[in-house]
Trainee: 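This is the structure I want to talk about, given as structure tokens.
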Amino acid sequence: MHILLIASAYNSLTQRVHAELRDRGHTVAVERTPHGDAVRDAVRRHRPRLVVAPMLKTAVPRDVWTRHTCLVVHPGPVGDRGPSSLDRAVQEDVRSWGVTVLQADEEMDAGAVWATADCVLPPLAKSDLYRGEVSDAALAAVLLAVERFASGTYTPRPQDPSAVEIRTRPYLRQEHRRISWEDDPTETVLRTLRAADSQPGVLDELLGGEWFLHGGHPEDRLRGRPGELLATRAGAVCRATTDGAVWIPELRPRRRPQGPAGVKLPATLALAGRLPALPERPAPLHLGDRRRTWTDIRYREEGHVGLLSFSFPGGAMSTAHCRRLLDAYRVACSRPTSVLVLGGGRDFFSNGINLNVIEAAADPAAESWANINAMDDLVEAVLTTTDRLVVAAVGGNAAAGGVMLALAADEIWCRAGSVLNPHYRLMGLYGSEYWTYSLPRRVGAPLAERLTQDAMPVTATAALRYGLADRVVDCGPQDFTGEVTRLAARLAPFPATASRIASKKAERERHEATKPLAAYREEELARMLRTFSDPTAPYHRLRRAFVRKEPPDGTRPDEAAVAAGSAAC
């Protein structure tokens, strides 16, 4: 069936629906439609049998939905209406939720229901839930709705107010997201911060400026005067509440009238020049289960299995992130384990270099160069690990250099809901991270060329079929870490595992004799350096547009989002 996806942005859910429908044999076109005229134009050009809107911020025009069946994905249960459904659910600490696929109608979210799916909402950030539990439910509902439409026999159910509680709630504005540091306890602050992550953030005043706060994590030991900054850790700041404290990883300055959009940055970088002298409180790499604090890199052991997990905002890895993760990786490799799991978290694995930090640098070209070299150093360390089996556990999405980081491991295990974007082209880059070695070695040269040139998202199932993945773990986001730990514990004692480890060094030496890894790196970086050093290269324009959420001239605005792994929501 020919399906047209219309979306306000080519975000994570739109990518997943696009890739999953393609996997099932449908022909799928995708159009970014920020307003009604764009919707009309897309429908006129594509002449679809069915229109699906995975994420649409504007109403479908009446002349479109009266002539075509248009299915809208609403991230809330039947009867819930309004543009801030998931935000409100998180802020109100709702634990049982759902997703509804309904027919576009005169009133937004009020159309007849084609399918629904329930989901739980653990106490986590909105963007994490959106890419996890909500995405799983949305996909299940979309696939059921498409199946019902294709059958030609299903009649969607009107939303009957006598049978369903109708709740129409307005957009959640900043005045309803405000934090009162003098009054709000930690749990209230956390819910407020989580409900605004990753967009729009919580507007607040700090050190003489107005900032949007992004991310929120509890701290169990530090205390101070409510609202006071207490410490820093890996770019985040710790701020006191009435009964504790929270870690805030990122800040974004409020946009000035007529000025460019602010860039979301690690909090200490955003506050550079304003931040008072604060103690740096690094978290131990081995963090006990009883601690309630924030850290972006953790290591633990289960028998002969080491698990090195990391979680960076938006999956973006700055120069500092890469260097700290490399240090942690070396520590993990010094431990007496036979299997090392890299990743294993529920959200983003990695989306490669940090475009925000690069854009904000005094010299973006120099920072681009530093960042890609730091990524290469990390990937090289994984590629040259020959004394244990390395498993990349991809619980969420991965893109560009993040996919290549996973490919450096011996095995790749993907959660069934993950989406991979194994390409750089739409950001105007050739790419590095040894992809010219690892990707063809995995999937063959013809498919490697197609994946990098077509620049399309790949589902976990397709990745397994292509050879990009070795295992698909069919579980919910909350269960992924446990499932990976269990599977790795089973893998470690196998005699075949010991044999594979014993042969790794010889295999690496054979490959090195054929063509050294240094040669791949040199060839890739030579092309990257030319791009970074050329101020007219498309990369600089595309990066700026992606970071500042502005459409680049002559380029579909969603293309940059694809290249960078998409916006969080």
Side-chain angles (χ1 to χ4, degrees), residues 9-16 19 125 127-128 130-132 135 197-199 214-215 235 249-250 263-266 296-297 309-322 325 342-359 367-368 371-372 374-376 378-379 382 392-408 412 414-415 417-429 431-433 435 439 451-452 455-458 460 463 468 528 539 542-543 545-547 549 558-569:
Y10 195 59
N11 72 337
S12 59
L13 180 57
T14 306
Q15 290 184 41
R16 185 175 178 188
S127 57
D128 187 343
Y130 184 84
R131 290 184 294 266
S135 177
D197 184 68
S198 65
Q199 291 293 333
H214 293 273
E250 293 186 311
V263 178
K264 190 192 305 182
L265 293 170
D296 52 6
I297 302 174
S309 61
F310 54 95
S311 178
F312 304 122
M317 297 174 64
S318 67
T319 303
H321 288 139
C322 294
L325 185 54
L342 182 63
R346 50 167 286 138
D347 201 6
F348 284 122
F349 180 77
S350 169
N351 285 327
I353 60 177
N354 192 314
L355 301 177
N356 286 36
V357 171
I358 290 170
E359 177 66 15
E367 182 56 33
S368 298
N371 201 164
I372 198 65
M375 280 290 298
D376 280 7
L378 174 62
V379 174
V382 180
V394 182
N397 298 346
V403 176
M404 308 314 164
L405 171 60
L407 287 176
I412 302 175
C414 293
R415 191 180 83 83
S418 60
V419 175
L420 308 181
N421 276 289
H423 54 80
Y424 306 82
R425 182 177 65 83
L426 298 180
M427 192 51 70
L429 293 174
S432 192
E433 293 99 2
W435 79 264
L439 186 58
L451 290 171
T452 53
M456 299 289 278
V458 176
L468 277 173
M528 295 288 274
Y539 159 71
L542 293 167
R543 181 196 70 241
F546 171 74
V547 167
K549 306 297 184 267
D558 53 287
E559 289 184 342
V562 180
S566 89
C569 281

Trainee: We want to know whether Thr14 and Asn11 form a side-chain donor-acceptor pair, criterion being a heavy-atom distance below 3.5 angstrom.
Mentor: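 Yes, because at least one side-chain N or O of Thr14 sits under 3.5 Å from a partner of the opposite role on Asn11.
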Trainee: Report yes or no: does Asn351 contribute a side-chain atom to a donor-acceptor pair with the main-chain N or O of Ala399 at less than 3.5 Å?
Mentor: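 Indeed, once roles are kept as given, a pair shorter than 3.5 Å links the two residues.
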Trainee: Rounded to the nearest 0.5 Å, what's the gap from CG on Leu13 to OG on Ser135? Could you check?
Mentor: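 Rounded to the nearest 0.5 Å, the CG-OG separation comes out at 5.0 Å.
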Trainee: List for me each residue that meets side-chain hydrogen bond (donor to acceptor under 3.5 Å, both in side chains) alongside Ser418, sequence neighbours excluded, and say none if there are none.
Mentor: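 For Ser418 there are no side-chain hydrogen bond (donor to acceptor under 3.5 Å, both in side chains) partners, ignoring immediate neighbours.
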Trainee: For the atom pair CZ (Phe310) and CG (Leu405), what is the distance rounded to the nearest 0.5 Å?
Mentor: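 One finds 5.5 Å between CZ of Phe310 and CG of Leu405.
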Trainee: Roughly how far, to the nearest 0.5 Å, is OH of Tyr424 from CE of Met404?
Mentor: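 So the gap between those two atoms works out to 4.5 Å.
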Trainee: Not counting sequence neighbours, which residues clear salt bridge (charged side-chain N to carboxylate O under 4.0 Å, His left out) with Glu367? List them please.
Mentor: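 With sequence neighbours excluded, Glu367 shows a salt bridge (charged side-chain N to carboxylate O under 4.0 Å, His left out) to no residue whatsoever.
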Trainee: Do side-chain atoms of Asn397 reach the backbone of Val419 as a donor and acceptor pair under 3.5 angstrom?
Mentor: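 At least one qualifying donor-acceptor pair exists.
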Trainee: Does Asp376 have any side-chain hydrogen bond (donor to acceptor under 3.5 Å, both in side chains) partners at least two apart in sequence or in another chain, and if so, which?
Mentor: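 If we apply the side-chain hydrogen bond (donor to acceptor under 3.5 Å, both in side chains) test to Asp376, skipping adjacent residues, the hits are Ser432.
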Trainee: Quick one: closest heavy-atom pair of Tyr539 and Gly428, and the distance?
Mentor: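 In terms of heavy atoms, the two residues are closest at CB-O, 3.9 Å.
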Trainee: Compute both the distance and the angle, then confirm whether Arg543 meets the cation-pi test with Phe546: under 6.0 Å from the six-membered ring centre, within 45 degrees of the axis.
Mentor: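 No - Arg543 does not lie over the ring of Phe546 by the 6.0 Å and 45° rule.
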Trainee: Are the side chain of Asn421 and the backbone of His423 linked by a donor-acceptor contact shorter than 3.5 Å?
Mentor: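 Pair absent, no side-chain N/O of Asn421 close to backbone of His423.
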Trainee: Please find the pair of heavy atoms, one from Met427 and one from Leu355, that lie closest to each other, and give the distance.
Mentor: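 In terms of heavy atoms, the two residues are closest at CE-CD1, 3.6 Å.
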Trainee: Which atom pair, heavy atoms only, marks the closest approach of Val403 to Pro422?
Mentor: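 Minimum heavy-atom separation between Val403 and Pro422: CG1-CB, 3.8 Å.
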Trainee: Using only atom types and a distance under 3.5 Å, with no angle test, would you say the side chain of Asn371 pairs donor to acceptor with the backbone of Ile353?
Mentor: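 It does not hold such a pair.
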Trainee: Starting at CG of Leu439, measure out to CD of Glu433 and round the result to the nearest 0.5 Å.
Mentor: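 Output value for this atom pair is 12.0 Å.
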Trainee: Evaluate the criterion side chain to side chain contact (heavy atoms under 4.5 Å, CB included) for residue pair Thr452 and Trp435; output intermediate values, then yes/no.
Mentor: CA-CA 10 Å; Thr452 53; Trp435 79 264; 3.8 Å; yes
Trainee: Would you say the side chain of Ile297 lies within less than 4.5 Å of the side chain of Ser309, judging by non-hydrogen atoms?
Mentor: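 SC-SC contact between Ser309 and Ile297 ruled out.
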Trainee: Please report the closest heavy-atom contact between Ser127 and Ser198, naming both atoms and the distance.
Mentor: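 Shortest heavy-atom separation between Ser127 and Ser198 comes out as CB-N, 3.6 Å.
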Trainee: Do Leu468 and Ile412 come within less than 4.5 Å of each other through their side chains, counting heavy atoms only?
Mentor: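 With C-beta onward as the side chain, the pair stays apart.
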Trainee: With the side chain counted from C-beta on, respond yes when Arg131 and Asp347 share a heavy-atom pair under 4.5 Å apart, and no when they do not.
Mentor: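 Yes, their side chains come closer than 4.5 Å.
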Trainee: How long is the span from the CZ atom in Phe348 to the OG atom in Ser311, to the nearest 0.5 Å?
Mentor: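 Spacing of CZ (Phe348) from OG (Ser311) equals 9.5 Å.
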Trainee: Hey, could you give me the CG/CE distance between Leu420 and Met456, rounded to the nearest 0.5 Å?
Mentor: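 Here the rounded value is 14.0 Å.
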Trainee: Met375 and Cys322: which non-hydrogen atoms are nearest, and at how many Å?
Mentor: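 For Met375 and Cys322, the tightest heavy-atom pair comes out as SD-SG, 3.3 Å.
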Trainee: Find out whether Gln199 and Lys264 are in side-chain contact, i.e. whether some heavy atom of one side chain is under 4.5 Å from a heavy atom of the other.
Mentor: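 Of all side-chain heavy-atom pairs linking Lys264 with Gln199, at least one is under 4.5 Å.
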Trainee: Grab the two heavy atoms, one from Ala455 and one from Arg425, that are nearest each other, plus how far apart they are.
Mentor: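 It is CB-NH2, 3.8 Å.
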Trainee: Do Leu342 and Val382 have side chains that approach each other closer than 4.5 Å (heavy atoms only, starting at C-beta)?
Mentor: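 When only atoms from C-beta onward are counted, Val382 and Leu342 do touch, with a gap below 4.5 Å.
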